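Start at 1 with the first residue, then count along the sequence. This is a predicted model, so every value here is computed, not measured.
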Amino acid sequence: MKTLSIVCTQLQLINAIECVKYYQSTDNTLILDCASRTRKNQLENLLSMDIYKGIFNKVYYSDITNNRFVYIDMIFAKILILLLVSLYKYQKIIVGNYNLLKHKYAIVKGISQNKSCSAIVVDDGTVSLFYPEIREKEISSGICDVSYEHSRFSRMLYHKSLVDVVSVNINFFSLYKLQLPLSDCIIENRFDYLTNNLNN
């Protein structure tokens, strides 16, 4: 099974790892969607720990200019996602923050390249508690929610590509008991991989 994960924070990364281990996937690609060099270093340090080393076969970065030229980084991220999903036809697209348009874009493009692909959103801390409300709003209106995206350029770059995200059935891999729309479902994250390895 091939998975593509895109994450921004340490918590998202830990939950994405739990998700690929839950599905027992061995061909895993990761995009570190870092907003700063400090965050990039933190995520790399986490990946270098013995417990997490080697889980991802390929690691890419969405910010090639270290946020000095943010528009270039946004365009690069879109091209990177499109190239990866076109080349590898992933079975699972795992995103760390459903509010970010580039993460929604990964879902839409992943499914457009492989109809049997499924979309999974992992926890992003307490932000995840707002996902059911966002999904209800999207499904009832038929319009992708862009209210959390503050960049006008990002809205212009991604918005027209995101119409289909509304109709996608999304799995939420979460430790919370979310009250989701009927089209979506929740998979309980029990942190089995972390627990088993800490015990060992």
Side-chain angles (χ1 to χ4, degrees), residues 4-16 19 30-44 46 59-85 93-112 119-168 170-176 178-181 183-184:
L4 172 66
S5 301
I6 179 167
V7 301
C8 306
T9 67
Q10 293 93 319
L11 181 58
Q12 292 172 18
L13 177 56
I14 290 169
N15 287 320
C19 190
L30 174 66
I31 299 175
L32 294 179
D33 187 28
C34 308
S36 69
R37 186 172 291 172
T38 302
R39 178 57 58 79
K40 175 184 172 183
N41 291 338
Q42 291 168 342
L43 291 169
E44 286 177 333
L46 190 59
V59 179
Y60 299 92
Y61 301 87
S62 65
D63 298 295
I64 54 173
T65 72
N66 293 315
N67 227 27
R68 286 175 295 170
F69 304 102
V70 67
Y71 299 139
I72 293 173
D73 285 342
M74 287 182 188
I75 293 167
F76 174 76
K78 184 173 183 179
I79 294 169
L80 175 64
I81 291 166
L82 183 58
L83 283 175
L84 288 173
V85 298
I93 302 291
I94 301 166
V95 303
N97 188 341
Y98 186 72
N99 293 328
L100 295 180
L101 299 189
K102 72 177 78 164
H103 291 213
K104 289 183 178 182
Y105 178 78
I107 290 173
V108 170
K109 289 303 167 187
I111 290 173
S112 73
I120 304 165
V121 177
V122 296
D123 278 334
D124 184 28
T126 54
V127 174
S128 304
L129 297 173
F130 297 99
Y131 289 161
E133 181 182 330
I134 293 166
R135 284 295 290 164
E136 287 284 4
K137 180 180 171 184
E138 286 183 336
I139 291 168
S140 62
S141 67
I143 300 170
C144 174
D145 181 30
V146 298
S147 61
Y148 290 86
E149 182 60 69
H150 302 297
S151 165
R152 183 176 297 172
F153 183 79
S154 183
R155 289 188 188 198
M156 286 172 31
L157 185 65
Y158 289 107
H159 193 203
K160 287 186 178 179
S161 310
L162 298 176
V163 177
D164 293 339
V165 79
V166 178
S167 59
V168 171
I170 297 177
N171 300 309
F172 287 84
F173 188 73
S174 176
L175 57 95
Y176 302 113
L178 304 174
Q179 298 298 311
L180 295 164
S183 58
D184 298 334

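More than 12 non-hydrogen atoms from other residues, nucleotides or ligands lie less than 6.0 angstrom from OH of Tyr148. More than 12 heavy atoms of other residues, nucleotides or ligands lie within 6.0 Å of CZ in Phe153, so this atom counts as buried by the packing criterion.
Within the model, atoms CD1 of Ile14 and CD of Gln10 stand 7.5 Å from one another, a figure rounded to the nearest 0.5 Å. How far CD of Gln12 is from SG of Cys19: 13.0 Å, rounded to the nearest 0.5 Å. From Ile139, atom CD1 reaches atom CG of Leu180 across 9.0 Å, with rounding to the nearest 0.5 Å. Here CD1 of Ile75 is found 13.0 Å from CZ of Phe69. Values are rounded to the nearest 0.5 Å. With values rounded to the nearest 0.5 angstrom, Lys102 atom NZ is found 10.5 Å from Asn97 atom CG. Between Tyr98 atom OH and Tyr131 atom OH the span is 9.5 Å, to the nearest 0.5 Å.
Here the closest heavy-atom approach between residue Arg135 and residue Ser183 is recorded as NH2-OG, 4.4 Å. Considering all non-hydrogen atoms of both residues, Tyr176 and Gly125 come closest at CE1-O, 3.3 Å. In this structure, Phe76 and Ser62 approach most closely via the heavy-atom pair CD2-O, 3.5 Å. For the pair Asp124 and Ser128, the tightest heavy-atom approach, listed with the atom from each and the gap, is N-OG, 2.7 Å. Here the shortest heavy-atom pairing between Leu101 and Ser154 reads CD1-O, 4.0 Å. Minimum heavy-atom separation, His159 to Cys144: NE2-O, 4.2 Å.
The only member of Ile94, Leu80, Ile93, Val95 that meets side chain to side chain contact (heavy atoms under 4.5 Å, CB included) when paired with Ile6 is Val95.
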Please evaluate residues Arg39 and Leu43 with respect to the criterion side-chain contact (heavy atoms from CB on, under 4.5 Å), reporting the C-alpha separation (whole Å), side-chain torsions for both, the decisive distance (0.1 Å), and the verdict.
CA-CA 6 Å; Arg39 178 57 58 79; Leu43 291 169; 4.2 Å; yes
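Between Lys40 and Glu44 the shortest side-chain heavy-atom distance falls below 4.5 Å. Within the 4.5 Å cutoff, no side-chain heavy atoms of Asp164 are placed close to those of Ile111. With contacts defined as side-chain heavy-atom distances shorter than 4.5 Å, the pair Asp123/Leu175 qualifies. By the 4.5 Å heavy-atom criterion applied to side chains, Asp33 and His103 are counted as neighbours. Proximity of Ile170 to Ile120: side-chain heavy atoms (C-beta onward) are nowhere separated by under 4.5 Å. Looking at heavy atoms from C-beta onward, Val7 lies in side-chain contact with Leu32 at the 4.5 angstrom threshold. Residues Leu178 and Asp184 form no side-chain contact, since every pair of their non-hydrogen atoms from C-beta on lies 4.5 Å or further apart. The shortest distance between side-chain heavy atoms of Asp73 and Tyr61 does not fall below 4.5 Å.
Judged as a side chain to side chain contact (heavy atoms under 4.5 Å, CB included), and not counting sequence neighbours, the contacts of Leu11 are Thr9, Asn15.
Checked by atom type and distance alone, the side chain of Lys137 never pairs as donor or acceptor with a backbone atom of Asp145 at under 3.5 Å. For the pair Tyr158 (side chain) and Leu100 (backbone), a donor-acceptor distance under 3.5 Å is absent.
Residue pairs satisfying the salt bridge (Lys or Arg N to Asp or Glu O under 4.0 Å) criterion with at least one member in residues 148-162, sequence neighbours excluded, are absent.
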